[in-house]
Amino acid sequence: MDDLPPTLRRSHPTRHAARRAALLNLTKGRPIVVFGMGSALGAGTRSHGGMRFLTGWDSHESSAVLLLGPQTSRLLLTSPFMVPSAMDAVPELSPENLPLPLWPQAVADFLAGQAPALIGVDEMPMGLYRTLALHLGHGVDVTSRLDDLRQVKDPAALDLHRFGASICDTVFAALPEAIKENRRGRESQRILEDLARQQGAEYCRTWLTLRPQADHPRYWPEETEKPAEQGDQMLFGVALTVDGHWAHGLRMGHIGPVPVGVEKLHKQVATALNLGMDALRPGRSVSDAVNAMADALDTPKGTPNSRKSKSFRAGHGLGLTYEEPGLTAAFAQTFGAHPENIPTQAGPVLEAGMVLELHPNVFVDGIGGAALGQMIEITQTGAKPLLKAPTGMLSLR
């Protein structure tokens, strides 16, 4: 990205080569088949983060397969139109577009009779998987091993997350001007998303709820057709990437006088956020933060939402994936969930260099909703907030 500061531009190939070497060391030199979507799906793909971590490559609206071995590697592209860009970006991976009928022989030649380790297989298109399956043998899914490598960010990655946080702050500062009476929510979203891209984000998606009683996150044009009006609550979330690294935050406000019930909900989620951040310290489990926020919100642990109140996931990890694997598993996605879908396993032990998003939230029938989100870097001394935008109630008069 030419508009990034020089220190934040795409890292050198040696950085990704070291990551590939570390993964091969974990698999004891076993050849690895890595599938990755491009970034066009945004938060809707996990496999893109794995591919980006190992190669720095983005296939955008197409996908790619990395054949990774101790001596040589090949990047096979599913779109011929991506080859020129790939040759410029990752020449060390010998990128090429290969017609599907030639895949079996290419994979067989690369594996040379060895059963491979697999990454990203859960998002691999069935047609591609069937083509590969003839030569996969007893392949073993090692995606979780890659997830472990991704949890602690290196200094260059942390700089990209911090830069993304500064773009979020710029977007939050523009909220009062963007949300005007009689302007439709989708129009406000477009203004704010365009601003994020102008500031250096390569991808940006927002949600904006404008209702007398906020009910749930509203993302799409068909959900955000309503214009802003006096008496509306406003809940706003922004998620964006800088060179593939995610930044994220949530803020809330009100058009006109704030009802007492909404003020109480705001105070409740602000308290939950502060307690959650206090619990994020190296050596402690991320589950400690999850439980601290749940206690502050009086939401039952391990049970579905009641009829009177509901919430969505109170946080997740951030990295080259919007919901960074490992760190995210401890946060139950309670919005519309059944009890059997709520994870009970403890989260990982926190280490300096991890990045998370905490966004406690609650929606109460007859009152409305409240949500605040802070992007956090774990340091040796605890949680470091990366967003500078105030978490107080925004006045949108």
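Side-chain contact check for M87 versus V83: some heavy-atom pair is nearer than 4.5 Å. Using a 4.5 Å heavy-atom cutoff, the side chains of C204 and E193 are in contact. A 4.5 Å side-chain heavy-atom check between L192 and V238 finds every atom pair outside the cut-off. Side-chain contact between H16 and L54 is absent, with no heavy-atom pair separated by less than 4.5 Å. P385 places none of its side-chain heavy atoms less than 4.5 Å from the side chain of M375. Annotation: side chain of V242 is in contact with side chain of L240 (closest heavy-atom distance under 4.5 Å). Counting heavy atoms from C-beta outward, L77 and W57 have side chains that approach closer than 4.5 Å. The side-chain heavy atoms of L118 and P116, taken from C-beta on, include a pair separated by under 4.5 Å.
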Step by step, would you call N274 with M277 a side-chain contact (heavy atoms from CB on, under 4.5 Å)? CA-CA 5 Å; N274 289 330; M277 288 193 293; 3.5 Å; yes
When you look at H216 and F312, which way does the ring pair (Phe, Tyr, Trp, His ring centres under 6.0 Å) test go after all the steps? CA-CA 9 Å; H216 58 80; F312 54 86; 9.9 Å; no
Would you check, one step at a time, whether the test side-chain contact (heavy atoms from CB on, under 4.5 Å) holds for M234 with L175? CA-CA 10 Å; M234 184 279 296; L175 266 174; 4.1 Å; yes
With side chain to side chain donor-acceptor pair (under 3.5 Å) as the criterion, how do D109 and Q105 come out once you've worked through the C-alpha distance, each side chain's angles and the decisive distance to 0.1 Å? CA-CA 6 Å; D109 291 346; Q105 189 61 52; 2.7 Å; yes
Working note: L327 + M354, criterion side-chain contact (heavy atoms from CB on, under 4.5 Å); need CA distance, chi angles, decisive distance, verdict. CA-CA 9 Å; L327 285 172; M354 292 178 172; 3.7 Å; yes
Output, in order, the C-alpha distance, side-chain angles, deciding distance and verdict of side-chain contact (heavy atoms from CB on, under 4.5 Å) for L350 and L356. CA-CA 10 Å; L350 294 166; L356 300 95; 4.3 Å; yes
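When only modelled atom types and interatomic distance are considered, T328 and E323 share no side-chain donor-acceptor pair under 3.5 Å. Side-chain atoms of Q233 and Q213 form no donor-acceptor pair, as typed in the model, at a separation below 3.5 Å. For the residue pair Q189 and T224, a side-chain donor N or O sits within less than 3.5 Å of a side-chain acceptor on the partner.
Comment: R281 does not engage D288 in a salt bridge, judged by the lack of any side-chain N to carboxylate O separation of less than 4.0 angstrom. Under a 4.0 Å N-O distance rule, the pair D154/R19 qualifies as a salt bridge. Salt bridge E357/R313: absent, no basic N to carboxylate O contact under 4.0 Å. Using a 4.0 Å cut-off between a side-chain N of Lys or Arg and a carboxylate O of Asp or Glu, R186 and E222 do not qualify as a salt bridge. For the pair R46 and D147, the salt-bridge criterion is met [side-chain N within less than 4.0 Å of a carboxylate O]. Salt-bridge annotation for R52 and D243: present, with a side-chain N of the basic residue lying under 4.0 Å from a carboxylate O of the acidic one.
Side chain of S85 to main chain of M82: no donor-acceptor pair is present (N/O by atom type, distance under 3.5 Å, no hydrogens or angles). Looking only at distances, a side-chain donor or acceptor of T379 sits under 3.5 Å from a matching main-chain atom of G382. Checking side-chain atoms of S188 against main-chain N and O of A178 turns up a donor-acceptor pair under 3.5 Å. Although no hydrogens or angles enter the test, the distance criterion places a donor-acceptor pair under 3.5 Å between the side chain of Q374 and the main chain of L387. Distance alone, capped at 3.5 Å, places no donor-acceptor pair between the T206 side chain and the G237 backbone. Judged purely by atom type and a 3.5 angstrom limit, S39 has no side-chain atom pairing as donor or acceptor with the backbone of G42. Checked by atom type and distance alone, the side chain of S59 never pairs as donor or acceptor with a backbone atom of M37 at under 3.5 Å. Distance alone, capped at 3.5 Å, places no donor-acceptor pair between the R218 side chain and the L208 backbone. One N or O on the side chain of E187 and one on the backbone of R184 form a donor-acceptor pair closer than 3.5 Å. Without hydrogens or angle criteria, E324 side chain to T321 main chain gives a donor-acceptor distance under 3.5 Å.
Hydrophobic cluster membership is shared by W220 and L235, with clusters built from Ile, Leu, Val, Met, Phe, Trp and Tyr side chains linked at under 4.5 angstrom. The hydrophobic clustering, which links ILVMFWY residues whose side-chain heavy atoms are closer than 4.5 Å, places L358 and L275 apart. Both F35 and L98 belong to a common hydrophobic cluster when Ile, Leu, Val, Met, Phe, Trp and Tyr are linked at side-chain heavy-atom distances under 4.5 angstrom. By the rule that hydrophobic residues join a cluster once side-chain heavy atoms approach within less than 4.5 Å of another member, I378 and V152 end up as members of one cluster. Note on M51 and L26: same hydrophobic cluster, where clusters join Ile, Leu, Val, Met, Phe, Trp and Tyr whose side-chain heavy atoms are under 4.5 Å apart, directly or indirectly.
Summarising the geometry of A117 relative to V142, their closest heavy-atom pair is CB-CG2, 3.6 Å, with the distance given to 0.1 Å. For the residue pair F331 and A314, the shortest heavy atom distance occurs at CD2-C, 3.9 Å. Between I119 and T143, the shortest heavy-atom contact is CA-OG1, 3.4 Å. In this structure, D278 and R284 approach most closely via the heavy-atom pair O-NH1, 4.1 Å. Here the shortest heavy-atom pairing between A64 and L75 reads CB-CD1, 4.0 Å. Of all heavy-atom pairs spanning L66 and S73, the tightest one is CD1-CB, 4.3 Å.
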For a quick test of your reading: what N or O donor-acceptor pairs under 3.5 Å do the side chains of residues 255-271 make, sequence neighbours left out?
residue, atom, partner, partner atom, Å
H266, NE2, T391, O, 2.9
Q268, NE2, A296, O, 3.4
T271, OG1, K267, O, 2.9

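Considering CE of M393 and CG of L372, their distance stands at 8.5 Å, rounded to 0.5 Å.
Heavy atoms of other residues, nucleotides or ligands lying less than 6.0 angstrom from CD of E92 number more than 12. Within a 6.0 Å radius of CD in E61, no more than 12 heavy atoms belonging to other residues, nucleotides or ligands are found. Atom CZ of R162 is surrounded by more than 12 heavy atoms from other residues, nucleotides or ligands within 6.0 Å.
Under the side chain to side chain donor-acceptor pair (under 3.5 Å) rule, D232 has a single partner from H254, R211, K226, which is K226.
A cation-pi arrangement is absent between R251 and F236, since the terminal nitrogen or guanidinium carbon is not both under 6.0 Å from the aromatic centre and inside a 45° cone about the axis.
Here the two rings, on Y322 and H316, have centers that are under 6.0 Å apart.
Relative orientation of the H359 and H248 rings is perpendicular, given thresholds of 30° and 60° on the angle between their planes.
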